[in-house]
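Data block below; observations after.
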Amino acid sequence: MSSTTEIKSLHRSPESFVGTSVTINGWVRTLRSKKSFGFIEINDGSFFKGIQVVFEDNLDNFEEIGSFGVGSALSITGEVVESPGSGQSIEIKATSVTLVGASSSDYKLQKKRHSFEFLRTIAHFRPRTNTFSAVFRIRSLVAHAIHTFFQERNFVYLHSPIITASDAEGAGEMFRVTTLDLMNTPTAEHGVDFSQDFFGRETSLTVSGQLSAEAYALAFNKVYTFGPTFRAENSNTSRHASEFWMIEPEIAFADLQDDIKLTDDMMKFIVSYVLEKAPEEMEFFNKFIDKTLLERLTTFVNTPSEHLTYTKAVEILQGSSKKFEYPVEWGQDLQTEHERFLAEEYVKGPVFITDYPKDIKAFYMRLNDDQKTVAAMDMLVPGVGEIVGGSQREERYDVLLERMQALGLSAEDYWWYLELRKYGGTPHAGFGLGFERAVMYVTGMENIRDVIPFPRTPKSADF
RNA sequence: UCCGGAGUAGCUCAGCUGGUUAGAGCAGCGGACUGUUAAUCCGCGUGUCGGGGGUUCAAGUCCCUCCUCCGGAGCCA
């Protein structure tokens with residue numbers, strides 16, 4: 001195949017291409033043909049914008065070109081010229097237009113506006129639309145930003161296992177992994193005999209890599225995981241998916257304040273990175289998806305984040321004149337309406353809530369000196385809500401064991417996790433960032449299904 | 001899972017207190033047009049009215065049930 005030019009490079013330095021001949025490969029977005037000439041807008045996926053191609057009746061397949069449908073794959077060679085039209089600075093005057101892959105008139109992606117709901121039903125075509133082209137380029141950039149952030153700070157990227165032994169994580173319903181014949185399962189005294197299963201025990205898809213990350217943080221000091229996680233919860237919301245990606249850093253010799261600092265630095269790095277690398281996409285989101293997006297993101301990057309303790313947050317909520325559906329009471333978890341009020345109305349920006357009552361938080365979170373709260377933190381952002389959840393981990397063997405016993409957890413199941421506290425344990429902390437929620441925050445997209453290429457949610461695993 | 005809303009043409013939607021041949025815009029197709037930008041102008045076609053059951057002389061419209069989707073809540077990231 002002859003060398004091709006990416007449309008992105010045409011847009012980034014148009015002057016340098018004027019007068020030269022280029023070949024581009026891409027898909028037809030719109031095609032308008034007239035009696036003796038016509039226009040093709042073609043997009044190759046390299047850039048948010050496509051390029052306009054002019055074809056005239058001196059081409060031997062002029063008639064045929066006029067009949068190419070939206071979605072056709074074309075290879076076009078031509079001269080880059082300054083455009084006499086007002087919509088673009090340059091265009092390509094075609095010397096050859098070759099049909100690589102035909103489309104047809106029943107192509108589902110029409111040259112008109114479509115609802116996101118409809119586009120979800122044609123998930124294989126939606127990356128060819130402006131919005132999803134931008135979304136998934138940003139998603140890729142956010143992933144790169146995350147790796148860059150941690151690698152630059154000498155964190156080790158840990159691949160935590162995707163198949164895990166069950167009952168060792170305790171973060172929601174899990175998808176079972178088995179090779180047993182479901183029509184004829186071997187049974188033991190108390191149900192299915194998992195000793196005959198592939199791994200000789202009951203296994204599931206991971207719901208969190210945190211426990212693995214803790215072990216590795218106590219060897220490498222600074223690690224992060226970044227991979228898929230699975231929750232079999234019957235959650236039907238715009239913020240939950242059954243399969244999603246999570247970033248879970250873990251740092252040793254560190255406390256909750258270090259953890260918060262890391263979270264804040266990371267989030268600001270991601271936002272700055274995307275604003276710098278994808279200005280066209282971000283302007284598009286600001287114009288068509290959320291008109292306050294750029295203002296919100298630049299404010300976030302340039303403003304120190306707010307911190308509130310849970311206790312203080314409860315006081316604020318109780319003292320506000322706002323009427324809540326659920327009453328606010330110390331000891332109760334904050335409801336979505338409370339979190340939204342704090343982030344969207346009280347702080348008007350991202351806010352860290354720390355030191356929650358121990359009874360509403362996980363067993364591994366470090367007990368504070370007041371014996372009532374734990375060193376936990378949630379980062380709440382306007383629009384998305386909880387985007388990060390983290391904590392300083394309980395490093396004291398006896399305190400951890402006591403806490404597990406109080407919650408009825410088996411020390412046997414967590415034997416290696418407990419051993420980390422017996423041999424060279426240190427104060428350490430970490431957090432989990434929902435990758436898709438970060439993408440939603442950065443793009444302004446409101447439904448998690450629209451920031452995942454092929455989303456898995458309850459009752460939906462098409463494609 | 002709970003609460004609320006919706007499902008009618010390829011898409012977005014209208015269709016009144018049941019009434020006989022179910023509508024519009026857009027997309028598509030055909031034609032016109034020397035510079036379009038979601039082009040414009042003229043012409044053309046399009047339906048298991050989400051599935052099943054029921055009430056009725058008659059159901060897109062009323063009732064029951066199931067399914068799916070959307071918004072909110074819970075669970076969380």
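The chains referred to below are lettered A, B, ... by the order of the sequence lines, with proteins before strands, and numbering in each begins at 1.
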Below 3.5 Å is the cut-off: list the nitrogen or oxygen pairs between protein and nucleotides 32-35 of chain B, distance only.
from, atom 1, to, atom 2, distance (Å)
B:C33, OP1, A:Lys35, NZ, 3.3
B:C33, N4, A:Ser33, O, 3.3
B:G35, N1, A:Glu91, OE2, 2.8
B:G35, N2, A:Gln52, NE2, 3.4
B:G35, N2, A:Ser83, OG, 3.4
B:G35, N2, A:Glu91, OE1, 2.5
B:G35, N2, A:Glu91, OE2, 3.1

Using the [atom1] atom as the reference point in each nucleotide, state the distance between [N] and [M] in Å, no decimals.
N     : M     : atom1 : value
B:U34 : B:U48 : C1'   : 48 Å
B:G71 : B:G15 : P     : 23 Å
B:G74 : B:C49 : C1'   : 35 Å
B:G45 : B:G31 : C1'   : 15 Å
B:A38 : B:C11 : C1'   : 14 Å

Enumerate all atom pairs, one protein N or O and one N or O from nucleotides 2-7 of chain B, separated by less than 3.5 Å.
none

Any side-chain N or O of A:Arg239 below 4.0 angstrom from OP1/OP2 of B:C75?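 Looking at the OP1 and OP2 atoms of B:C75, neither is under 4.0 Å from any side-chain N or O of A:Arg239.
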When we call it a touch if two heavy atoms are under 4.0 Å apart, what does [X] touch: a base, just sugar-phosphate, or nothing?
X        : answer
A:Ala438 : nothing
A:Arg449 : sugar-phosphate
A:His114 : sugar-phosphate
A:Tyr326 : sugar-phosphate
A:Ser238 : sugar-phosphate

Tell me, what's RNA chain B's dot-bracket, Watson-Crick or G-U with both distances under 3.5 Å, | for other-strand, [ ] crossing? (((((((..((((.....[...)))).(((((.......))))).....(((((..]....))))))))))))....
Under 6.0 Å from the CD atom of A:Glu79, do we count more than 12 heavy atoms belonging to anything else shown?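 Buried by this count: over 12 neighbours within 6.0 Å.
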Please determine whether the number of non-hydrogen atoms from other residues, nucleotides or ligands lying under 6.0 Å from atom OH of A:Tyr216 exceeds 12.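 Atom OH in A:Tyr216 is not packed in, count stays at 12 or less.
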Quick test of your reading of the model: are A:Glu394 and A:Arg403 salt-bridged, counting only N-O distances below 4.0 Å?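 Here A:Glu394 does not pair with A:Arg403 in a salt bridge, since their nearest N and O are not under 4.0 Å apart.
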Any protein N or O atoms within reach of nucleotides 26-30 of chain B? Criterion: under 3.5 Å, listing atom names and distances.
from, atom 1, to, atom 2, distance (Å)
B:C26, O2, A:Lys112, NZ, 3.2

Look at the side chain of A:Thr336 and decide which nucleotide, out of B:G74, B:C75, B:C70, has an atom nearest to it.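 Out of B:G74, B:C75, B:C70, the nucleotide with an atom closest to A:Thr336's side chain is B:G74.
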Counting distance only, does the side-chain N/O of A:Arg437 pair as donor-acceptor with the main-chain N or O of A:Val384 below 3.5 Å?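 No, A:Arg437 side chain to A:Val384 backbone: no donor-acceptor pair under 3.5 Å.
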Main-chain N/O of A:Leu262 paired to A:Asp265 side chain as donor or acceptor, under 3.5 Å: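 Side chain of A:Asp265 to backbone of A:Leu262: no pair is present.
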Could you tell me if the side chain of [Y] sits less than 4.5 Å from the side chain of [X], heavy atoms only?
X        : Y        : answer
A:Phe149 : A:Ile270 : no
A:Met266 : A:Tyr224 : no
A:His114 : A:Thr129 : no

Does the structure place the NZ or CZ of A:Arg456 under 6.0 Å from the centre of the six-membered ring of A:Phe454, at an angle of no more than 45° from the ring's axis?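 Cation-pi check for A:Arg456 and A:Phe454: fails.
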Pairs where residues 122-138 of chain A contributes a residue and the test salt bridge (Lys or Arg N to Asp or Glu O under 4.0 Å) is met, not counting sequence neighbours: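 Sorted result for residues 122-138 of chain A: A:Arg126-A:Asp450, A:Arg137-A:Glu281.
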All N/O donor-acceptor pairs, side-chain side in residues 59-67 of chain A, below 3.5 Å, sequence neighbours left out:
from, atom 1, to, atom 2, distance (Å)
A:Asn61, ND2, A:Val97, O, 2.9
A:Ser67, OG, A:Glu64, O, 2.6

Can you check whether A:Phe244 stacks with the B:A77 base, using ring centres under 5.5 Å and planes within 30°?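 Stacking between A:Phe244 and B:A77: present.
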